[in-house]
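Accompanying notes for the structure given below.
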Amino acid sequence: MLRIILFLVVIAVAATGAAWLAEQPGNVVLSWNGWQAEASVAVFSMVVGGVLIAALLTWAILAGLWRSPSRLRRSRRERRRERARRAITQGLLAVGHGDAAQARSQANAARRHAPNDPLALLLQAQAAQLDGDREGAKRAFLAMANRDDTKSLGLRGLFIEAQRAEDPYAALTIAEEALRLSPGSHWAAHAVLGFRCARSDWSGALDILENNLASGLIDKKAYRRQRGVLLTARAIECADSDVSLSRDSALEAIKLAPTLVPAAVLAAKYMSEAHQLRRALKIIETAWSAQPHPDLAEAYAHIRSGDSANARLSRIETLAAKAPGHIESALAIARAAIDASEFTRARNALAPYIDAPTQRVAMLMAEIEHSDRNDSRAARAWTLRAVRALRDPAWTADGCVSDRWRPVSPVTGRLDAFVWTTPLAELPSDRGMVLESDLFDETLIEPPSDDEAETVIAEPVAAEPEKPKPAAPKAKAANAAVEVVMEPADTRPVSTPTSTASATTSAPPATASSDSALPLFHRRQTAAPVIPIVRAPDDPGVDEDGNEFDSKTSSQGSSWRGYLPRRDG
């Protein structure tokens, strides 16, 4: 709009000036080297204006011709850049939805039109990664690493490729170079910290942690926790080689992370050795209040060597009072009570958890039964329940369970990844239970007696209709275990040895019949005395000899299939 107004103003001024000159009287005379020309002022003004206009047009034409090569080059460059941008856009979209062929084609087009464009190099690297071309990706990232504007991105790509190639030394070198060039690089700092922790270079890891705090990569709270973890790791590692460094590291770690269990255990140990018993107890109590742990209870009980078992029990009761109702408090009291031969106190502590015991609860109950009453049968029962009991908490990180605390995860290298929690249990099976729980315990615990060793074998199935079987004598039925043996369609009887499981089934009273005895295994859903065999529609059937299943008779009669219900079709 401003240009239009300015153009109109210039035209108005020019018209006004021309009108003014036309109205002026007089002539203009030019004399040069004997040549003389005379004209009016108006004519002279028109001639001068025409000459000026012609000069301007000539200059414009000459300047346009002079600048046309550069304009052509600029236009061609713009078209190539536009094509490159379009190819980069389409290529990145292809990478996004996983089209390797389209991404590779667009990457080639972008490289042809804009070989030095950073986005074209990035597209080339990503297309190579998507296509599985490791060498091509490495070349693209190396080209980016040689440029100042894409150096960090190139180093990041080379680091990823080194990790994929399982070359930790190259990955560490690249990460250290990236951290040197950019101290605020989060990925480089995390990678170098993880590598130094993996090599147990705790002093170097502490230096990286200080750099992370100075660069603003972590806040003060995270810094204190991670430094406490690293100091604890160093204290544990040098506990045997350098006691002084271990003690200093543990005491500094417990100040930074008072709830860290291994730091509390180690610091309390050093405080106890320095005869600072009250401070050692305070350290463990602080950690216990945040998270009860068996290692804390063990350290608390043996904080002073030479104490009697009753003194340790009294001390553990004081610690358990700081976390009432927690299962670790009950387990700690039970453990100390067993050591002090206070079995009633141990039973009372574990009583709330007997209905749904964990593995440690079941094992403690087995120890109580064996030590208190010398009841081997009950002890074995609790041991068997421990096998199938709920899992106790353990040190877990990224799906890995460790028997001890570790500073970093073995899967991801993440610092302070291990937490004290119950590991994930396997999914429940969709199969029905084959054995009753109480019968399973009784079977595996109680040895078979001489009277229960007899076995009742079903009568062989004959071709003629079944006849009623004579009832077994009551005296014999009272001591015999009921065992159901399925017979195939054969007239030969099958003798099956008495198993431990069938021989230990509880027998009915002497006045009851054998049908009222409790079977060891679940009954069949069908009452057919012959195992049904389902054939395919195109199966021609059994041959005339009838020997098709003779070789399978013994295996079917003694396998688990004989006791499991079968489904029709």
Side-chain angles (χ1 to χ4, degrees), residues 192-210 223-307 312 315-316 319 328 332 335-336 339 392-397 400-411 413-421:
V192 175
L193 180 63
F195 277 117
R196 293 192 178 182
C197 290
R199 295 188 302 181
S200 299
D201 184 10
W202 309 119
S203 299
L206 289 170
D207 295 338
I208 297 297
L209 193 62
E210 295 291 341
Y223 164 77
R224 292 175 60 87
R225 176 70 182 188
Q226 293 182 9
R227 182 173 176 82
V229 170
L230 292 175
L231 288 172
T232 303
R234 186 172 68 178
I236 294 175
E237 183 179 0
C238 62
D240 298 331
S241 59
D242 192 344
V243 179
S244 177
L245 179 60
S246 176
R247 181 176 58 252
D248 295 341
S249 300
L251 295 180
E252 183 181 356
I254 200 61
K255 293 179 181 178
L256 297 173
T259 61
L260 188 60
V261 172
V265 172
L266 198 57
K269 171 180 174 293
Y270 287 127
M271 288 292 98
S272 175
E273 292 176 354
H275 304 288
Q276 299 182 10
L277 186 62
R278 182 174 300 178
R279 186 178 176 185
L281 295 176
K282 184 65 176 179
I283 289 174
I284 297 180
E285 290 172 358
T286 302
W288 179 270
S289 300
Q291 184 183 32
H293 192 276
D295 291 349
L296 295 174
E298 182 72 14
Y300 200 84
H302 298 85
I303 195 68
R304 183 169 52 193
S305 60
D307 286 350
R312 292 197 299 268
R315 190 181 301 123
I316 285 297
L319 180 66
E328 290 296 339
R335 179 70 268 169
D339 294 340
D392 291 286
W395 289 113
T396 307
C400 294
V401 180
S402 176
D403 58 343
R404 59 184 177 86
W405 177 84
R406 299 174 186 270
V408 294
S409 170
V411 179
R414 181 165 53 94
L415 184 63
D416 193 23
F418 277 90
V419 293
W420 182 255
T421 185

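At least one side-chain heavy atom of C238 sits less than 4.5 Å from a side-chain heavy atom of S241. Side-chain contact check for K282 versus M271: every heavy-atom pair is 4.5 Å or farther apart. Put simply, the side chain of V261 reaches to within 4.5 Å of the side chain of Q291, judged on heavy atoms. No side-chain heavy atom of L266 sits under 4.5 Å from any side-chain heavy atom of S249. With contacts defined as side-chain heavy-atom distances shorter than 4.5 Å, the pair D201/F195 does not qualify. Between W405 and V229 the shortest side-chain heavy-atom distance falls below 4.5 Å. The closest side-chain heavy-atom distance from P292 to W420 is not below 4.5 Å. Contact check for L415 versus R225: no side-chain heavy atoms found under the 4.5 Å cut-off.
Looking at residues two or more places apart in sequence or on another chain, you find a side chain to side chain contact (heavy atoms under 4.5 Å, CB included) between L206 and R227, L230, L231, R234. With sequence neighbours left out, S200 forms a side chain to side chain donor-acceptor pair (under 3.5 Å) with no residue at all. Residues passing the salt bridge (charged side-chain N to carboxylate O under 4.0 Å, His left out) test with R414, sequence neighbours excluded: D398. Here R312 pairs with nothing under the salt bridge (charged side-chain N to carboxylate O under 4.0 Å, His left out) rule; sequence neighbours left out. Qualifying salt bridge (charged side-chain N to carboxylate O under 4.0 Å, His left out) partners for E237, counting only residues two or more places apart in sequence or in other chains: none. Every residue two or more places apart in sequence or in another chain was checked for a salt bridge (charged side-chain N to carboxylate O under 4.0 Å, His left out) with R199, and none qualifies.
To the nearest 0.5 Å, atoms OG1 (T421) and CG (D392) are separated by 12.0 Å. Note: I283 CD1 to Y270 OH = 12.5 Å, rounded to the nearest 0.5 Å. Here the NE2 atom belonging to H293 is positioned 12.5 Å from the OG1 atom belonging to T259, to the nearest 0.5 angstrom. If you take OG1 on T232 and CH2 on W202, they are separated by 10.5 Å, rounding to the nearest 0.5 Å. Atoms CD and CG, from Q226 and L256 in turn, are 11.5 Å apart once rounded to the nearest 0.5 Å.
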Give the intermediate values and the outcome of side chain to side chain donor-acceptor pair (under 3.5 Å) for residues E285 and Y300. CA-CA 8 Å; E285 290 172 358; Y300 200 84; 2.7 Å; yes
Verify side chain to side chain contact (heavy atoms under 4.5 Å, CB included) between E273 and R247, making sure each step is shown before the conclusion. CA-CA 11 Å; E273 292 176 354; R247 181 176 58 252; over 6 Å; no
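I254 and L251 get closest at one heavy-atom pair: CG2-O, 3.2 Å. Heavy-atom minimum distance, A235 versus A250: CB-N, 3.8 Å. Contact between F418 and C400 at its shortest, heavy atoms only, is CE2-O, 4.1 Å. Closest approach of C197 and V408 over heavy atoms only: CB-CG1, 3.5 Å. Nearest heavy atom pair, residue L296 against residue I284, reads O-CG2, 3.6 Å. Taking every heavy atom of both residues into account, I303 and A268 meet most closely at CD1-O, 3.9 Å.
Looking at S244, its side chain never comes within 3.5 Å of a backbone N or O of D242 through a donor-acceptor pair.
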